[in-house]
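Both ligands and their constituent atoms are indexed starting at 1 by order of listing. All values derive from a computational prediction rather than experimental measurement.
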Amino acid sequence: MDKVVNNKRSRERTEALAKPSREEAEAAVRTLIRWAGDDPDREGLRATPSRVARAYEEWFSGYKDEPQEYLKRTFEETGGYDEVVVLRDIRFESFCEHHMAPIIGRVHIGYLPRNRVVGISKLARLVEVYARRLQIQEKLTAEVASCIDAVLKPHGVAVVAEATHQCMTTRGIHKPGVSMVTSRMLGVFRDHAETRQEFLAAIGMRGAHVVSGS
Ligand SMILES: [Zn+2]
C-alpha cells in the first residue's frame with residue numbers, strides 16, 4: 001500500500017518537474033496579467049505572454065549549463081604564476097527566488113592558483129551561468145566560490161557580491177540605493193587576514209570587515 005502511495009507521489013513529482021509546454025507557460029502569464037488586474041486580450045497585452053516566455057528562455061538559460069564541466073574544459077596550467085588573481089566588477093543580472101524580481105550587481109573574484117588558472121572571460125561566464133537561475137545572493141556567492149575551488153583546486157578563493165534587489169527597492173520596505181554585500185572566503189583567504197585584506201584592497205573594500213561563511 002505504502003509503495004503504491006510512494007509511486008504515485010514520485011510520479012506526481014516527476015510531472016511537476018517536467019518542463020511545461022510553451023502554451024502552458026503563456027497561459028500562466030495570462031493568468032498573472034489577470035491577477036494584476038488587467039485584460040490579457042486587450043491590444044497592448046496580446047503578444048505579451050509569448051514575449052515573456054521568450055524572455056524567460058534568456059533570463060533563465062543558466063539551467064542548461066553545468067558550470068563545473070564548463071570550467072573543467074577551460075582551465076590552463078599556470079606556468080609558475082603564484083600570485084593572487086583578482087577579477088573585479090563582473091556585472092550580473094539575476095532574479096531572486098522569493099519574488100522573481102531582478103537582482104542587479106557586481107561580483108569580485110580572487111584566487112591564489114596552485115597549478116591551474118582560467119581566462120577572465122571564463123570566470124565572467126561562470127558567474128553568468130549561476131546568475132541565470134532563480135537565486136538568492138548568498139547562494140550565488142557560495143556557488144561561484146565552491147565551483148572555482150572544486151575545479152581549479154587553488155590555495156584559496158574569495159568571492160564578494162554587491163547587488164541591489166528590486167524586491168527591496170521597489171516594494172515592501174522600499175529602500176532605494178540599498179545594496180547587499182555577501183562574501184565567501186575559502187582556504188588562504190579565510191585563514192590569513194593579510195591575504196584577505198590584499199583582496200579586499202584590490203576590489204576597493206580595504207579595511208572592510210567582511211563577515212563570511214565558510
Ligand atoms: Zn526577493
Exercise. Are any of the side-chain nitrogens in Arg125 or Asp65 under 4.0 Å away from the carboxylate oxygens of its partner?
Worked result: yes
For this session: Anything protein N/O/S under 2.8 Å from the Zn ion (ligand 1)? Just list residue and atom, please.
Result: Cys96 SG, His99 ND1, Cys167 SG
Exercise. Distance only, no hydrogens: is a donor on one side chain within 3.5 Å (strictly under) of an acceptor on the other, for Gln135 and Ser94?
Worked result: no
For this session: State, to 0.1 Å, how close Val160 and Leu200 come at their nearest heavy-atom pair, and which atoms those are.
Result: CG2-CD2, 4.4 Å
Exercise. Would you find more than 12 non-hydrogen atoms of other residues, nucleotides or ligands less than 6.0 Å from Arg114 atom CZ?
Worked result: yes
Problem set entry | Close aromatic pair by centroid cut-off 6.0 Å: Phe92 and Tyr130 | no
Problem set entry | Sidechain-backbone polar pair: Thr170 side chain, Cys167 backbone, donor-acceptor under 3.5 Å | no
